[in-house]
There are 2 protein chains.
Amino acid sequence: MRADIGGFPVQGVVLVRKTREEAEKTRKQIVDSARAVFHRCGVSRSTLEKIAQEAGVTRGAVYWHFKDKSELFFAVREDIFAPLLERTDSILFSEAYADPLDAIQASLQEFFRVLDDCSVVREVFEIMILRCEYVQEFASVQEEVNRPAIDFLAKIERMYVRAAERGTLRTGLDPFAAARDTWAFTSGLLHLALECRLEENLATDVATLIVAHMALRRGPL
Amino acid sequence: MRADIGGFPVQGVVLVRKTREEAEKTRKQIVDSARAVFHRCGVSRSTLEKIAQEAGVTRGAVYWHFKDKSELFFAVREDIFAPLLERTDSILFSEAYADPLDAIQASLQEFFRVLDDCSVVREVFEIMILRCEYVQEFASVQEEVNRPAIDFLAKIERMYVRAAERGTLRTGLDPFAAARDTWAFTSGLLHLALECRLEENLATDVATLIVAHMALRRGPL
DNA sequence: CAACAAACATACATCCTTGTATGTTTATAA
DNA sequence: TTATAAACATACAAGGATGTATGTTTGTTG
């Protein structure tokens, strides 16, 4: 039996035991396909058969790399979340900004810029917010999914406290109250941007919305 | 064949052709059961069999009252949404408040108070936000689901404009920018309240969060 | 009082989906 | 060079879920 025809691997032929890097490539292919199928069909209607087919493999390959669908889901999420979080955090805690409020603003703008520019990032957020049901085995996944949101509150609280210390926060403003307000604002902006599909309307305005939001709490006045 | 035993209706016996009000009662029973099962299992894993069983009827009854699952979903939503929207709108547009900002604040607080007090309301929101995948036949449902959010923006824009006219809005604040900020804030608050399950922590603080949010845009200063 | 239709229950056929068990190559270590 | 196990493909069993078709009562209308 030939393992490939014209250089293209085909199914229906057993050709296995690839090198480790080949296996890694297959794994990544499965994760990418899972993202596409999750986004197109929703998580629950995404069968492992569809995902395997889109990846050009069989369910056997999927079951080899992942225990079940929820583990695949987690991999899809990590693949995108980890680098994004690292990026926004590095801005938020950058020493380049004299005013902590500038760091918050830049970090938020970068987040929504990536969300707007990078389709795979947007796909993952749409999957997690609009195309996944958090029950049963996914109930535990939800906690992981929400952890960044919880952490985000703690982070901007620290920044707002710092801003208060440096006197750039409007006088009379409680930094913790300000942090919670920004927290809700950011979450809402994310959800509305995904849910309402405001095309160019909101997309271009998000930056100015963020500027306006931050301007309200800049001091000392 | 007896239609009931000891006053309790039983299955396995055909007893049908009830009066119209009896039929309405079973319909409502099905909607209530659907809400419970949707909330427990998620929409996609909620089979019509489970829903029928919980309602004490068979799938035949469900198919008689509703075309399919998505129509049932819509009924569950309307059952709760309509009265809630009417309630918050009546506060928002009430003549009792001299300051439009007070009306906005009261309306928001009432919304979150109901969300906190009324478990069925909370269940419906949790179903729609955390336990439903908006794809395929539910993609069209999503538009209906998001319409209140869109409408809400238009409503508070009007109120903020009114506040600007009456001079209760902080000078220099664009009413439309303020409206969008409050819009995102509200959406985020709703999502975070449901997602992060902040128990007593956030629940009691929501009211103060709203007050703090509105205080930032009260003028004239 | 007879016919009709509302309001369901039952039964049937079909199609997926998942999990696991079992092949089958081939890189790699001994 | 041979044995082992990685990296898959194939096959099998079983359990649902949906939609529809068809029964079966009984309130209601003429």
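Numbered from 1 within each chain, the chains take letters A, B, ... in sequence-line order.
Going from atom CZ of Arg45(A) over to atom C1' of dA17(D) covers 12 Å, rounded to whole Å. In this structure, the CG atom of Asp68(B) is 10 Å from the P atom of dT18(D), given to the nearest Å. Rounded to whole angstrom, the span from the CD atom of Glu49(A) across to the P atom of dC16(C) amounts to 11 Å. Rounded to an integer number of Å, the gap from OH of Tyr63(A) to C1' of dG19(C) is 5 Å. Taking atom CG of residue Leu48(A) and atom P of nucleotide dC8(D), one finds them 16 Å apart after rounding to whole Å. The nearest whole Å value for the distance from the CD atom in Glu22(B) to the P atom in dA9(C) is 13 Å. A straight line from CZ of Phe66(B) to P of dA7(C) spans 13 Å, rounded to a whole angstrom. To the nearest angstrom, P of dT17(C) lies 11 Å from CD1 of Ile51(A).
For the pair Glu157(A)/Leu153(A), a side-chain contact is recorded, criterion being any heavy-atom separation below 4.5 Å from C-beta on.
Residue Trp64(B) is the one, among Trp64(B) and Arg59(A), whose nearest nucleotide of DNA chain C lies closer to the 5' end (criterion: closest heavy atom).
With ring centers used as reference points, Phe176(A) lies 6.0 Å or more from Tyr160(A).
At the phosphate of dC16(C), neither OP1 nor OP2 sits under 4.0 Å from any side-chain N or O atom of Thr47(A). His65(A) has a side-chain polar atom (N or O) that falls below the 4.0 Å cut-off from OP1 or OP2 of dC8(D).
A side-chain N or O of Thr182(B) and one of His213(B) form a donor-acceptor pair less than 3.5 Å apart.
Side-chain N or O atoms of Ser107(A) include none that pairs as donor or acceptor with a backbone N or O of Ile104(A) at under 3.5 Å.
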